[in-house]
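Chain naming here is simple, since letters A, B, ... match the order of the sequence lines and numbering starts at 1 in each. Not measured: the values here are computed from a predicted model.
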Protein chains: 2
Amino acid sequence: MTSHTTRQRAAVLEGLAGCKDFVSAQELYALLTANRTRVGLTTVYRTLRDLEAAGGVDVVRDDSGERLYRQRPDGGHQHYLICRSCGHSRPVDSGVVEEWADHITAATGFTAVEHTVELSGICTGCQPSPPKDR
Amino acid sequence: MTSHTTRQRAAVLEGLAGCKDFVSAQELYALLTANRTRVGLTTVYRTLRDLEAAGGVDVVRDDSGERLYRQRPDGGHQHYLICRSCGHSRPVDSGVVEEWADHITAATGFTAVEHTVELSGICTGCQPSPPKDR
DNA sequence: ATGGACATGGAATTCATTTTCATCTAGGTT
DNA sequence: AACCTAGATGAAAATGAATTCCATGTCCAT
């Protein structure tokens, strides 16, 4: 029925897998194009959207609201700590938050509760290091 | 130096105060306009942006990425549980999450860590009510 | 009232994302 | 092998929030 495994989709998947950190659809498209992989921007967006729906990727939004995607490491969903300077991302243990979210759900009577948690900071490598005046 | 208290700004502030829940800049603009308050869309955006920078409002993004603003109830920042159906929002106690975020900060060496937490669900009033068979 | 610093807002611009739609393709069928 | 067709593709156009331009307006001190 759905989902043929086309050359294009495979390329998007592979491109995504090659990224350790979060990438935007635009970046991924540029990356693939630069790599001489012929894929349409529309297809990149479509594939990413489908992946998101299927739960194959984690998604965050950067400051400008642009969607950033990252292949999901393991089973359940993951939360990340992202460096605002270099963009490097690392998954963080969020068990506490999951429990908290469940608790809120139970306490409020709301159903189908979903949560988004985004952490950003400056990683050790991007620290304003040597206070070189100026 | 900055911030004259102009009629327009006051109107935006007042309009925002009159909203119990989150509103987008566009909605607020429409609301003010409908109220015969002459304010430019640009000014609404500007005022909201300034408010955000000054920490006077809490901001979330809806599914489409649109920014939604809500006057901040009290002191520190707040997290909310928003109904995806009617848009009603209620602040939730997020002490646990704050602690967790601090802990992550300490454990990773990242500095200037900021966090965004968004909860959404279906409130009791919007429940798919009568389970009219399948 | 005069000057200038800041504020305003309509129009134009930017830019990610989505739609449209004509065309192509995979892969099953005869 | 030739054929069919649901699904996939992608260039171009559309959408829409948010921002930038910039000419004009407004408040305040001198």
Side-chain angles (χ1 to χ4, degrees), chain A residues 1-16 19 21-54 56-70 82 87 116 118, chain B residues 1-16 19 21-54 56-70 82 87 116 118:
Chain A
M1 25 215 82
T2 37
S3 76
H4 285 207
T5 304
T6 65
R7 173 181 60 72
Q8 290 87 334
R9 267 177 217 188
V12 172
L13 265 314
E14 189 181 347
L16 192 61
C19 294
D21 293 315
F22 283 87
V23 272
S24 67
Q26 300 278 355
E27 287 169 344
L28 191 50
Y29 171 69
L31 192 68
L32 291 171
T33 295
N35 251 62
R36 308 197 174 298
T37 308
R38 310 236 321 136
V39 189
L41 178 58
T42 308
T43 299
V44 174
Y45 271 106
R46 242 185 321 238
T47 305
L48 251 19
R49 177 150 39 95
D50 294 347
L51 263 184
E52 180 179 1
V57 288
D58 286 307
V59 188
V60 300
R61 281 177 190 283
D62 66 11
D63 299 319
S64 72
E66 196 176 358
R67 274 194 176 81
L68 304 181
Y69 301 84
R70 174 175 162 159
I82 304 175
T116 297
E118 286 168 26
Chain B
M1 31 208 74
T2 37
S3 77
H4 285 207
T5 303
T6 65
R7 175 181 60 74
Q8 289 87 336
R9 268 179 216 185
V12 173
L13 264 315
E14 189 181 346
L16 191 60
C19 294
D21 294 314
F22 283 88
V23 273
S24 66
Q26 301 278 354
E27 287 169 344
L28 191 50
Y29 170 70
L31 192 69
L32 292 171
T33 296
N35 251 63
R36 309 201 173 295
T37 309
R38 309 238 321 139
V39 188
L41 179 57
T42 308
T43 299
V44 174
Y45 271 107
R46 243 185 319 238
T47 305
L48 251 18
R49 181 157 26 104
D50 293 348
L51 264 184
E52 180 180 1
V57 288
D58 286 307
V59 187
V60 299
R61 282 176 190 283
D62 67 10
D63 300 318
S64 72
E66 197 176 358
R67 272 193 177 82
L68 304 181
Y69 302 82
R70 173 175 164 160
I82 304 174
T116 297
E118 285 169 26

Query - For atom CG of Leu41(B) and atom P of dA17(D), their distance in whole Å - result: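 Result: 9 Å.
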
Query raised in the report: Does any donor atom in the side chain of Gln8(B) or Thr43(B) lie under 3.5 Å from an acceptor atom in the other side chain?
Result: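 No, no side-chain donor-acceptor pair sits under 3.5 Å.
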
Report task. Please step through side chain to side chain contact (heavy atoms under 4.5 Å, CB included) for the pair Leu51(A) and Leu13(A), ending with a clear verdict. Result -> CA-CA 9 Å; Leu51(A) 263 184; Leu13(A) 265 314; 3.8 Å; yes

Query raised in the report: Any idea which of dA16(C), dG10(D), dA17(D) is nearest the Thr43(A) side chain?
Result: dG10(D)

Report task. Could you check how far CG of Leu68(B) sits from C1' of dA18(D), rounded to whole Å? Result -> 14 Å

Query raised in the report: Has Arg46(A) got a side-chain N or O lying under 4.0 Å from the OP1 or OP2 atom of dT18(C)?
Result: no

Query raised in the report: Contact class for Gln8(A) vs. all strands (heavy atom < 4.0 Å): base, sugar-phosphate, or nothing?
Result: sugar-phosphate

Query raised in the report: Going by modelled atom types, is there a donor-acceptor pair between the base of dG10(D) and the side chain of Arg38(A) at under 3.5 Å?
Result: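 Per atom types, no contact qualifies.
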
Query - For atom CZ of Arg7(A) and atom C1' of dC24(C), their distance in whole Å - result: 12 Å

Report task. Check the pair Val23(A), Leu31(A) against side chain to side chain contact (heavy atoms under 4.5 Å, CB included), reporting the backbone distance first and the verdict last. Result -> CA-CA 10 Å; Val23(A) 272; Leu31(A) 192 68; 5.7 Å; no

Query raised in the report: When the distance from CG of Leu48(B) to C1' of dA18(D) is rounded to whole Å, what number comes out?
Result: 12 Å

Query - Phosphate OP1/OP2 of dA17(D) contacted by Arg61(B) side-chain N/O (<4.0 Å) - result: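 False: Arg61(B) side-chain N/O out of range (4.0 Å or more) of dA17(D) OP1/OP2.
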
Report task. With sequence neighbours left out, write down each residue that passes side chain to side chain contact (heavy atoms under 4.5 Å, CB included) with Thr116(B), or none if nothing qualifies. Result ->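 Listed in chain order: Glu118(A), Glu118(B).
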
Query - Rounded distance (Å) that lies between atom P of dA16(C) and atom OH of Tyr29(A) - result: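 In whole Å, dA16(C) P lies 13 Å from Tyr29(A) OH.
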
Report task. Remember a base hit wins even if backbone is also touched, and classify Thr42(B) as base, sugar-phosphate or nothing at under 4.0 Å, heavy atoms. Result -> base

Report summary line: From CZ of Arg67(B) across to C1' of dA16(C) the rounded distance in Å is 13 Å

Query raised in the report: Any chance CD of Glu14(A) has more than 12 other-residue heavy atoms, nucleotides or ligands included, within less than 6.0 Å?
Result: no

Query raised in the report: Hey, does the side chain of Thr6(A) come within less than 4.0 Å of dA26(C)'s phosphate (OP1/OP2), counting only N and O?
Result: no

Query raised in the report: Side chain of Ser64(B), base of dG16(D): donor and acceptor closer than 3.5 Å?
Result: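 Between dG16(D) and Ser64(B), which were checked side chain against base, a qualifying N/O pair under 3.5 Å is absent.
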
Query raised in the report: Nearest-Å distance, CG (Asp63(A)) to C1' (dA18(D))?
Result: 14 Å

Query raised in the report: Can you check whether Tyr45(A) has a side-chain N or O nearer than 4.0 Å to OP1 or OP2 of dT17(C)?
Result: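 True: Tyr45(A) side-chain N/O within range (under 4.0 Å) of dT17(C) OP1/OP2.
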
Query raised in the report: When the distance from CD of Glu27(B) to P of dA18(D) is rounded to whole Å, what number comes out?
Result: 10 Å

